[in-house]
Amino acid sequence: MSRTNKIITIIFLSIPGIIISFILFFLLQSILIPDECKYHVENIPWYIELMFDFPSWNGCHPCPSNFQYGLIFIFGIFLSFITTNKLISKNRE
């Protein structure tokens, strides 16, 4: 693989991965936390505690945790890698 092909592959992996990560982040946030004040009076499920932090500086409203950022980033890059490989294999045929 030549140097330019490697650079193009990295660009094709990076840009969709970043876009997919942002979409997943905002989609996950809106699906899991429709009302930020809901967890003031209700028990917090384990998956919400795993994906979100509840800092006092934010009024104990959910903020994305580092685990959520890492998980979404890895999943976005994974989906981007699969998509790019399929596009490259179609172009070779």
Asker: Flag the pair Cys63 / Trp57 as yes when at least one side-chain heavy-atom distance between them is below 4.5 Å, and no otherwise.
Answerer: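 Answer yes - side chains close enough.
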
Asker: Is the shortest heavy-atom distance from the side chain of Ile33 to the side chain of Ile48 under 4.5 Å?
Answerer: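 Side chain of Ile33 against side chain of Ile48, heavy atoms only: contact under 4.5 Å found.
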
Asker: Hydrophobic clustering (ILVMFWY, side-chain heavy atoms < 4.5 Å, transitive) - are Met51 and Ile31 grouped together?
Answerer: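 Unlinked, Ile31 and Met51 end up in two clusters.
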
Asker: Any side-chain heavy atom of Phe52 within less than 4.5 Å of one from Gln68?
Answerer: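 Yes - at least one pair of side-chain heavy atoms lies under 4.5 Å apart.
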
Asker: Does atom CZ (Phe75) have a neighbourhood of more than 12 heavy atoms from anything else shown, all under 6.0 Å?
Answerer: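 Incorrect, the count does not exceed 12.
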
Asker: Using the ring pair (Phe, Tyr, Trp, His ring centres under 6.0 Å) criterion, which residues pair with Phe22? Sequence neighbours excluded.
Answerer: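 Once residues adjacent in sequence are excluded, Phe22 has no partner under the ring pair (Phe, Tyr, Trp, His ring centres under 6.0 Å) criterion.
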
Asker: Could you see if Ile74 belongs to whatever hydrophobic cluster contains Phe26? Use Ile, Leu, Val, Met, Phe, Trp, Tyr and a side-chain cutoff under 4.5 Å.
Answerer: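 Result: no, two separate clusters.
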
Asker: Just wondering, more than 12 heavy atoms not from Phe73 lying within 6.0 Å of its CZ?
Answerer: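 Count not over threshold, so no.
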
Asker: How would you list all residue pairs meeting side chain to side chain donor-acceptor pair (under 3.5 Å) that involve residues 24-38, not counting sequence neighbours?
Answerer: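 Qualifying pairs: none.
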
Asker: Between CG of Leu27 and CG of Leu32, what distance do you get to the nearest 0.5 Å?
Answerer: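 The CG atom of Leu27 sits 9.0 Å away from the CG atom of Leu32.
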
Asker: State, to 0.1 Å, how close His40 and Gly59 come at their nearest heavy-atom pair, and which atoms those are.
Answerer: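 Reported closest heavy-atom pair: CE1-O, 3.2 Å.
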
Asker: In Å and rounded to the nearest 0.5 Å, what is the SG to CG distance from Cys60 to Asp53?
Answerer: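 With rounding to 0.5 Å, SG (Cys60) is 11.5 Å from CG (Asp53).
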
Asker: Can you get from Tyr47 to Phe25 by hopping between Ile, Leu, Val, Met, Phe, Trp and Tyr side chains that sit under 4.5 Å apart?
Answerer: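 Looking at the clustering, Phe25 is in the same group as Tyr47.
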
Asker: Can you measure from CD1 (Ile23) to CD1 (Ile72) and round to the nearest 0.5 angstrom?
Answerer: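 Between atom CD1 of Ile23 and atom CD1 of Ile72 there are 11.5 Å.
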
